[in-house]
A.B. asks: 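Would you mind keeping the following structure in view while I ask a few things?
Everything numeric here is computed off the predicted structure, so don't read it as measured data. Just follow the structure's listing: the first ligand is 1, and inside any ligand the first atom is 1. Sequential numbering from 1 along the given sequence is applied to the chain's residues.
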Amino acid sequence: MSFDHFNYKGVRFVKGIHTEESLNHAENEFEVFDDDIYNVTFSKSGTNWMIEILNLIKHKGDVTKTNVTPIFSRSPWYETASFKEREKKLVSPRILTSHLPHHLFAKSYFNSKAKIIYTMRNPRDVMVSLFHFTKILKIYTPAENFQDFLEDFIQGKVSIGSWFDHVKGWMQMKDDDRFLFITYEELLQDLRGSVVRICKFLGQELDDAQIDLVVENSTFKSMKENPMSNWSKAPSELVDQSKGSFLRKGISGDWKNHFTVAQSEYFDKIYQEKMKDLNMSFFWEQSS
Ligand code: A3P
């Protein structure tokens, strides 16, 4: 896989979508407000799903209020070059998205009371999702084959660099009251329970009927059928809808349809090495 990129402080970014200026602004100048909510992920980990959930929670499940903006511009990525224009139109409490690694995140965040929700996903499924995404997003030249892509992913030669570094960096905050980490797999297994947990973390009091609405409107089926959530409104210069859908499968374990046994063992070995210092265990370590 290749894409027009540049390195910023050791991390690979997409040229045009990000600029040195936008990253410097995000890290050093951007002002975080105490009531901001940040949706932070490594790409393909459930970023848009969390955008949907957080906006529905904000509007007590009322989809007519969230459907006023297509999902990809509803909670903008604050590190992107296009953010400046969007920033002025945001209404507090702001819900913002970011793929930034921990060490490049807004410095002003660390002196604020703002909250972060960090969504993670089995890296094998992240890889598969990204592999397919590179075919529809026009900024990418897809990899020749899955093996090449696997190497790129392991070496952090994808947008936002290394998945391993991203997770390890953000997990430094795991015991911070302002930080909630959740997995894509937990959302899949128990969406209602996850929504309740997120509401509690945010201090949002929704009644049972409102929680039901958040859940109903954020299922894979609802989002896939919702033109404001399924990326069908994404600019054609950016997305080739004929090559696949953004909401592709929405399942856990699709990696089993892509990895050979040898690739799986190889990935396992790298995973063990890279994650050994992080004293945490994740759902996918038992099930892969
Ligand atoms: P797949 O390609 O495996 O289907 P991101 O938003 O971080 O780019 O992640 C995109 C992935 O999240 C895609 O995975 C997409 O289908 C999945 N996704 C988005 N909304 C979802 C939902 N409501 N339920 C399950 N998966 C969802």
Side-chain angles (χ1 to χ4, degrees), residues 1 14 17 38-57 61 63 66-67 70-77 79-80 95-101 117-137 139-140 142 146 149 153 158-160 163 166-167 170 181-195 198 213-234 238-241 243-259 283-284 288:
M1 179 198 69
V14 180
I17 294 198
Y38 291 86
N39 166 33
V40 181
T41 60
F42 189 87
S43 337
K44 313 318 290 175
S45 302
T47 324
N48 286 263
W49 196 0
M50 192 52 74
I51 291 176
E52 192 78 88
I53 292 170
L54 293 175
N55 280 276
L56 283 165
I57 289 176
V63 77
T66 54
N67 266 354
I71 194 154
F72 45 82
S73 42
R74 202 175 298 162
S75 298
W77 281 246
E79 64 268 25
T80 55
I95 302 173
L96 296 167
T97 299
S98 178
H99 287 321
L100 284 175
I117 294 164
Y118 185 73
T119 311
M120 304 183 241
R121 184 181 189 185
N122 184 342
R124 294 161 184 246
D125 282 333
V126 168
M127 200 190 304
V128 167
S129 183
L130 186 56
F131 179 67
H132 290 285
F133 191 50
T134 60
K135 298 177 191 164
I136 66 169
L137 205 66
I139 52 171
Y140 292 113
F146 192 68
F149 187 73
F153 187 86
V158 298
S159 172
I160 323 292
W163 179 90
H166 206 274
V167 168
W170 278 109
F181 77 88
I182 193 160
T183 63
Y184 178 93
E185 292 76 13
E186 283 171 270
L187 293 171
L188 268 185
Q189 260 189 349
D190 181 9
L191 184 54
R192 197 173 201 286
S194 302
V195 169
I198 296 166
L213 281 176
V214 174
V215 173
E216 273 165 38
N217 290 309
S218 61
T219 61
F220 185 76
K221 186 170 180 291
S222 302
M223 285 180 64
K224 200 165 169 77
E225 285 168 1
N226 180 349
M228 296 307 253
S229 304
N230 64 13
W231 274 58
S232 55
K233 294 192 183 296
L238 195 64
V239 177
D240 185 347
Q241 308 276 358
K243 299 253 169 76
S245 359
F246 181 85
L247 283 129
R248 194 183 58 91
K249 282 197 178 174
I251 59 168
S252 152
D254 194 31
W255 66 268
K256 291 176 188 155
N257 301 316
H258 293 75
F259 282 64
F283 170 88
W284 48 84
S288 55

A.B. asks: Is any side-chain heavy atom of W49 closer than 4.5 Å to one of L188?
C.D. replies: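 Heavy-atom side-chain distance check passes, below 4.5 Å.
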A.B. asks: Can you find a heavy atom in the side chain of T41 that is under 4.5 Å from one in the side chain of H99?
C.D. replies: yes
A.B. asks: Counting N and O atoms only, with roles assigned by atom type, does the side chain of Q241 sit under 3.5 Å from a partner on the main chain of W231, one being a donor and the other an acceptor?
C.D. replies: yes
A.B. asks: Taking T47's backbone N and O only, do any of them form a donor-acceptor pair with N39's side chain (distance below 3.5 Å, no angle check)?
C.D. replies: yes
A.B. asks: Restricting to side chain to side chain donor-acceptor pair (under 3.5 Å), what partner residues turn up for D125, sequence neighbours left out?
C.D. replies: none
A.B. asks: Run through ligand 1 for me and note each protein residue having a heavy atom under 4.0 Å from it, chain first, then residue number.
C.D. replies: K44, S45, G46, T47, N48, W49, R121, S129, Y184, S218, T219, F220, M223, F246, L247, R248, K249, G250
A.B. asks: Taking all heavy atoms of I136 and all of F246, pick out the closest pair and write down the distance.
C.D. replies: CD1-N, 3.9 Å
